[in-house]
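For reference, the structure discussed in these notes is given below.
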Protein chains: 2
Amino acid sequence: MSLSDKNILVIEDDPGIADLLRLHLESEVGQLGFESNGTDGLAAAQTGVWDLLLLDLRLPGISGLDVCRTLRAEGHTLPVLMMTAKTGELDRVLGLEIGADDYITKPFSVIELLARVRAHLRRADLVSSAAERSVEGGPAINLGEVEIDPRTRVVRVRGESVDLTAREFDLLLHFAAHPQQVFRRSQLLDDVWGYGHEGYEHTVNAHINRLRAKIEKNPRKPELISTVWGVGYRFTPQSTVEVV
Amino acid sequence: MSLSDKNILVIEDDPGIADLLRLHLESEVGQLGFESNGTDGLAAAQTGVWDLLLLDLRLPGISGLDVCRTLRAEGHTLPVLMMTAKTGELDRVLGLEIGADDYITKPFSVIELLARVRAHLRRADLVSSAAERSVEGGPAINLGEVEIDPRTRVVRVRGESVDLTAREFDLLLHFAAHPQQVFRRSQLLDDVWGYGHEGYEHTVNAHINRLRAKIEKNPRKPELISTVWGVGYRFTPQSTVEVV
DNA sequence: TAGTTTTGTGAGGAATTGGTGACACTCCCG
DNA sequence: CGGGAGTGTCACCAATTCCTCACAAAACTA
């Protein structure tokens, strides 16, 4: 697994440790965010799209525990790795009970921290790719006008069955598995074409174009797969209700 | 969360530790399986339906590392918690790199072990329940009148969804991430347009203007994004309370 | 292996965006 | 209350981004 496209947020008030983490993570990771207090940290966690949160327990403003608790209460599922100077067993347990996924005490070994970070990111990938695979073998997906049967790889749009090529099908299935979500071209290259696939983002355009030609009512005015200018594409299932 | 319907497999050759685990887990957990060597343990892990694996590193027969490696190679995604008497950092790192999700060294605190077990099971639940409701989109940031979903890039103001361009969205998101904070125009150019972006500060004005036109109730009297004279702009989330 | 389908790449044209300038307006301060 | 700096508004046009189509490369099939 590569960390190069992973976004990690660090909430830590000790500049020394923050620098240490920056030093070791910066080169390996995609985006690396730093916040030094609980209030800004929570906001950053809520607004950004992060793959992992490294969270100090002792923080000015909101405490690490509360940051974690709040995120979980709001339904965020991102992995949280707590760091703390406290060594008491009770603190460790409390952190885990509150919704953190892991706990490491300062002074920690950077190598071990990195290993744990990788372990969590790996698990997230494992789970999401397993979920994708379960969709592949699962029952038919019915999204308004579009009906997809992953087993037979048959797609029907507004009752008509359409022939899709392998790539087109994978692309559509990926969109259908994450409706409304906006994907950047680079993300689609990773998710549909596979990791580290060398190729132009423009390739995605071409396939979107072909897919639209096959499933859109009017390919000039796409409704199912819409363009998000400056970002990427989004799949919006259309209700099958007739507008007469 | 309750552990009562969770199945845990323990692969451990030391009868003392096995008993200790049995003592503490038996009453809390649904099914509890024990194996005392790597070969049988691997077979049990492959055939049974387990929610978590507690795995000793040193085992007769196949080693814990190999058990874990094999399971991962076969596509199993169940969480693996490694236990070992070794204290060397290298062993811990190796265990994690091989595909384990966590690592705890003997002698361990039973309370902490239980907390970590619960943390892993909780995460599994979190992920699966999040997958179910993923159709509605992920967690949105809710700031009074304004609601922002970074994953779908959908913004709703007072219930109405508004179309924002990429820049407008990024600008709003940045404000939402730091409510009440005053930003100078130069800072916004750095943060939203990207560091080292060449351009006039006046550009920020124009965008604020466009953003206001879309999200303010009365763009002539901005309430969400207010001007701080001589300095810059500030975002103030409004309570959604109706003033009738 | 030859033919056929699928996939990737390239170039030109179309569309949207958003930076910029001009000017009106507002706010602060003397 | 008047001057000036700072800010709001608007429209234009260039730059960016995207679409379309055609062709080449690759993969599959018979």
Side-chain angles (χ1 to χ4, degrees), chain A residues 153-155 162-175 182-235, chain B residues 153 155 162-175 182-194 196-235:
Chain A
R153 295 178 78 90
V154 167
V155 174
V162 283
D163 273 349
L164 296 186
T165 69
R167 268 295 136 79
E168 287 160 4
F169 183 86
D170 291 342
L171 193 57
L172 179 60
L173 189 62
H174 186 256
F175 273 120
V182 177
F183 291 99
R184 327 192 132 270
R185 280 158 240 277
S186 59
Q187 246 173 309
L188 291 171
L189 278 176
D190 278 354
D191 297 347
V192 178
W193 274 255
Y195 264 143
H197 174 85
E198 304 277 330
Y200 295 63
E201 296 198 347
H202 173 67
T203 297
V204 178
N205 290 19
H207 281 265
I208 294 278
N209 187 31
R210 288 183 190 123
L211 191 53
R212 278 174 172 168
K214 290 185 180 177
I215 68 171
E216 294 282 356
K217 208 181 300 179
N218 177 5
R220 298 293 171 134
K221 288 198 162 201
E223 291 179 322
L224 292 166
I225 299 177
S226 48
T227 327
V228 182
W229 246 83
V231 188
Y233 298 98
R234 158 172 38 211
F235 178 73
Chain B
R153 296 180 78 93
V155 175
V162 283
D163 274 349
L164 297 186
T165 68
R167 272 271 194 275
E168 286 160 5
F169 183 87
D170 291 343
L171 191 58
L172 178 60
L173 192 62
H174 185 257
F175 274 119
V182 180
F183 291 100
R184 337 195 118 268
R185 290 169 179 71
S186 58
Q187 222 170 331
L188 290 171
L189 279 176
D190 279 353
D191 297 347
V192 178
W193 274 254
H197 174 84
E198 306 273 331
Y200 295 64
E201 296 199 348
H202 174 67
T203 295
V204 178
N205 290 21
H207 280 268
I208 294 281
N209 182 36
R210 287 182 188 127
L211 192 52
R212 278 173 173 168
K214 290 185 180 178
I215 68 171
E216 294 283 358
K217 209 181 297 180
N218 177 5
R220 300 293 172 134
K221 287 196 160 202
E223 292 179 322
L224 293 166
I225 298 177
S226 46
T227 311
V228 182
W229 243 79
V231 188
Y233 299 98
R234 164 179 26 219
F235 179 72

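Just so it is clear: chains get the letters A, B, ... in the order the sequence lines come, proteins before strands, and each one is counted from 1.
- Near-neighbour residues of DNA chain D inside residues 220-228 of chain B, defined by a heavy atom below 4.0 Å, number-ordered: B:Arg220, B:Thr227, B:Val228.
- In this structure, A:Phe169 places its CZ atom 15 Å from P of C:dT6, rounding to the nearest Å.
- Taken over five-pair windows at either terminus, the axes of the helix from C:dT1-D:dA30 to C:dG30-D:dC1 are inclined to one another by 40° (rounded to 10 degrees).
- For the atom pair CD1 (A:Ile208) and CG (A:Leu172), the distance works out to 9.5 Å, reported to the nearest 0.5 Å.
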Table of protein N/O atoms under 3.5 Å from nucleotides 2-4 of chain D N/O atoms:
none

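- Among all heavy-atom pairs drawn from B:Glu201 and B:Ser186, the shortest one is OE2-CB, 3.3 Å.
- Among all heavy-atom pairs drawn from A:Tyr200 and A:Leu189, the shortest one is O-CD1, 4.0 Å.
- Rounded to a whole Å, the CG atom of A:Asp163 is 12 Å from the P atom of C:dT7.
- The CZ atom of B:Arg167 sits 9.5 Å away from atom CG of B:Leu171, with the distance rounded to the nearest 0.5 Å.
- Applying the side-chain hydrogen bond (donor to acceptor under 3.5 Å, both in side chains) test to every pair with at least one member in residues 218-235 of chain B, sequence neighbours left out, gives these pairs: B:Arg185-B:Tyr233, B:Asn205-B:Tyr233, B:Arg212-B:Thr227.
- Taking CG from B:Leu164 and CG from B:Leu173, the interatomic distance works out to 10.5 Å, rounded to the nearest 0.5 Å.
- Here D:dA26 presents its C1' atom at 12 Å from CZ of A:Arg167, a figure rounded to the nearest Å.
- Here B:Thr165 does not reach the OP1 or OP2 of C:dT17: none of its side-chain N or O atoms lies under 4.0 Å away.
- The CZ-C1' distance, from B:Arg185 to D:dA5, rounds to 12 Å in whole Å.
- Across residues 204-218 of chain A, A:Ala206, A:His207, A:Arg210 each have a non-hydrogen atom less than 4.0 Å from an atom of DNA chain C (numbered order).
- A:Thr203 has its side chain within reach of A:His207: a pair of non-hydrogen atoms, C-beta onward, lies under 4.5 Å apart.
- B:Ala166 and A:Gly230 make their closest contact through CB-CA, 4.5 Å (heavy atoms, listed as atom of the first residue, atom of the second, distance).
- Rounded to the nearest 0.5 angstrom, A:His202 NE2 and A:Asn209 CG are separated by 9.0 Å.
- For A:His174, the ring-ring contact (aromatic ring centres under 6.0 Å, His included) criterion is met by A:His178, A:Phe183, not counting sequence neighbours.
- Taking side-chain N and O atoms only, A:Tyr200 has no distance below 4.0 Å to OP1 or OP2 of C:dG8.
- With sequence neighbours excluded, the residues that form a salt bridge (Lys or Arg N to Asp or Glu O under 4.0 Å) with B:Arg153 are B:Asp170.
- Heavy atoms of B:Tyr233 sit under 4.0 angstrom from primed sugar atoms or phosphate atoms, though from no base atom.
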Nucleotides 22-24 of chain C: which of its N/O atoms have a protein N/O under 3.5 Å away?
{"from": "C:dA22", "atom 1": "N6", "to": "B:His202", "atom 2": "NE2", "distance (Å)": "3.3"}

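- Considering only residues two or more places apart in sequence or on other chains, B:Glu168 meets the salt bridge (Lys or Arg N to Asp or Glu O under 4.0 Å) condition with B:Lys214.
- Between B:Ile215 and B:Ile225, the closest side-chain pair of non-hydrogen atoms falls below 4.5 Å.
- Considering only side-chain N and O atoms, B:Trp193 lies under 4.0 angstrom from the phosphate OP1 or OP2 of C:dG19.
- Not counting sequence neighbours, B:Phe235 has no partner by the ring-ring contact (aromatic ring centres under 6.0 Å, His included) test.
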